[in-house]
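The chains referred to below are lettered A, B, ... by the order of the sequence lines, with proteins before strands, and numbering in each begins at 1.
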Amino acid sequence: MQTFKKFLLGFLLTAMIFSLMACGQNKAVTDNSSANNEKAAAQTDEAKNKDNTTAEDTKPVELKFAMIAFANEIPGWTAMIDAANKKLEDQKIKISIQKIPAQNWPEYYQKVITQMAAGEGADIGRIAESFMPQVIQKGQVVELTEYLKDINMADYFDATFKNAGYQNGKYYGVPSGVYYMVMYYNKDMFDAANLPYPSSDWNNAISFEQVREYAKKLTKGEGANKTFGFYAGPYMAYIGMYSVSLGGKNVFNDDGTCALGSPESKQVYKWFDDMLRVDKSMPRPTDTKVMSATDMFTSGRIAMIVDGTWSHSAIKDIKNFRVGVAAVPAGNGKAYSSMFVDNFVIFKGTKHEEKAWEAIKAIISKEGFDALAPTGVGGLPIVRSTMENLKDEMIGTQFEESDKRAFIDGLDNTLAVPYNENYQEIDQMINAVMDEWLMGKVTSDEFADKVVDFVNEGMQAK
Amino acid sequence: MTFNRSKLQNSLIHIVLSFVAITTVMPFYWMAVTSLKTPEDIFKMPPILFPTYFYIQNYRDVFELMPMWQGFLNSTKVTVLVTIGTLLTSSMAAYAFAKINFIWKDTLFGIFLSTLMVPGQVTLIPLYILFSKIRWTDTHLPIMVPIILLNAYGIFMIKQFMHTIPDSYIESAKIDGYNHFGIYLKIALPMCKPVLVALGTFTFIGNWNNFLGPLIFLSTESKFTLPLLISSFRDIYSVKWGLLMAASSVSIIPIIILYIFFQRFFVEGIALTGLKG
């Protein structure tokens, strides 16, 4: 009986803890719920997407900004939002950050759409470019074409606006920064091999043949200590990028069919194949499984790497050797660089659409990018004056002038990745079978043909 | 000769076991050592197995960049309550299924078990909408209450163990005047100690490492659990290995402590269920 009483007491205590926790959260929950109810009411209203400016709207409207929360990026985005909030003070708008600690964009997207389905979604947010066709097709973001007439495009690198957030002549997102491809190289390894540095001129870039020749000379050693001459990812977008430099098409032909089986693309695949299997001057998947190619470069085990500017902060920190920046290898002199542009969007369902646009305008203002750019987060700024003023700080003072020039000039030679609703799925399917080719089970031509089948079938599935 | 063979056998067994022990401990050692290295030293070749100095900045950064103590408290609260609650409800339900005859018992148990076959991701959006309606989103309740109230795996595990308790014990207790609750408390629970500890350990580890549930249901940073905070140390393009390893080292401390205290039961649990966490 005594034990029974003790048990009962324990059970009641546990129940009490739960009740207290629930009560403790009641206030916040009640606050949230009233906001949610308002939101729900607003959504059913005919004018749900327009502001209802009433007398009681004198206090600032709080807009929720959804952000994928990587620890190293949080200070950058926070600085940008702080700068925007300062600009918005007079307009009685306040942006609050909702950190979503996802490990990747699919997890982030899942959280965003789950909240949206329950009517608790953020008002504005940042979305990866590869997800833009999907959110546009599903009608999850607001069209911004009319709103964009409100800003002076001359202040911006306007080409960056024509990314995957631009579909059928309409804008659905504005760039939150731009990443693109450049070639980094280890100057100490070039000096030791007595080789000239690759060209920093994007109109006269290093050729595929030269890269292969240099890579062979720069490859040394065996096993865990082997240093490789060159690395570049042979992914769909990059094959497209190199093919264009040979006069080919960027992944798709004009009629929407796959262009990766063209003679230009096959030449690019063959170039990779020669370095992987004949010269063995490029690491294979087994080499990059343990340590990524970027990590191999930063630890001095790769001499040249075509990498995105997202790796620049890690590469800028290299102290063990001197780093140079060159134009991406090209077929016929003129080089192209695939660009990746994540977007700021207004989510459908916000009851403050116009204020959300004002918020986005403040975020992408010069003040916003001036605050973000020095942190190295989110890519290079899309505001021209910010780029000019902060180029030394962003690129790094240790780089020589020619390297800085090569870095910035890349921005004038960008090529949009031709994302569509099926692109990501097709890309993942191709990557899943790529090892067959990289490990030598099929030839580069056979693999190119397989890629064409995958892409064409994937596009028909649309 | 027999002595020599036995000695040889023992030596061989020791060599094999030492090898297995080293390969098991090595990842943990590597994690701890990496957390104490500078970013440059992490990828040095040949790798530095025994650092000559400890770079504790990674630990400082982890606690500066993220509210780790708050995350620690949140994870502890959620995990402890879920573990206690699960043991309580699962053992009660298991007792009922194993030792009480009632109408549609097998059908009900089948329904319970069938919930194991529904992938968690499928129910995320409906659950979120449901919890949103009862105002539970952005609280710890959605990541605790459903798990406490229905843990089909736990019920199944304890029920199977309770079947091994002879019915004669139950009958004897009834003759002594115990009702079902008394039998559950006095007879069944004490005899189920190994399976309860095993289930408790699995539940603790599973909830300590739970990522998806907290990601979907929590929005305010001060409510985040440790896995959410740790995931922030990697991004799309790179991983801050030093920080990630420092945060991971901190997060596994409770698991190690738990293991040290319940090692015997943990091994029994593995032998009993053929599973490990």
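Closest non-hydrogen pair, B:F211 versus A:A102, comes out as CZ-CA, 4.3 Å.
Here the CD1-OH distance, from A:I113 to B:Y128, works out to 12.0 Å after rounding to the nearest 0.5 Å. Going from atom CD of B:E221 over to atom CD1 of A:I74 covers 6.0 Å, rounded to the nearest 0.5 Å. Taking OG of B:S231 as the start and CG of A:N104 as the end, the distance is 9.5 Å to the nearest 0.5 Å. Residue B:L218 holds its CG atom at 14.5 Å from NZ of A:K99, rounded to the nearest 0.5 Å. Distance CD1/B:I216 to CD/A:Q110: 4.5 Å, rounded to 0.5 Å.
Interface residue B:F217: only backbone heavy atoms are found under 4.5 Å from chain A.
Within 6.0 Å of CZ in B:F63 there are more than 12 heavy atoms belonging to other residues, nucleotides or ligands. No more than 12 heavy atoms of other residues, nucleotides or ligands shown are found within 6.0 angstrom of OH on A:Y235. A 6.0 Å sphere centred on OH of B:Y29 holds more than 12 heavy atoms belonging to other residues, nucleotides or ligands. Residue B:F72 qualifies as enclosed at atom CZ: its count of foreign heavy atoms under 6.0 Å is above 12.
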Legend entry - From CA spacing to verdict: side chain to side chain contact (heavy atoms under 4.5 Å, CB included), A:Q115, B:S219: CA-CA 10 Å; A:Q115 284 189 313; B:S219 298; 3.1 Å; yes

Inset, instruction - Kindly determine whether B:S132 and A:E120 satisfy side-chain hydrogen bond (donor to acceptor under 3.5 Å, both in side chains), including the steps that lead there. - result: CA-CA 8 Å; B:S132 164; A:E120 291 183 1; 2.9 Å; yes

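With hydrogens and angles ignored, the 3.5 Å screen pairs no side-chain donor or acceptor of A:T114 with any backbone N or O of B:I125.
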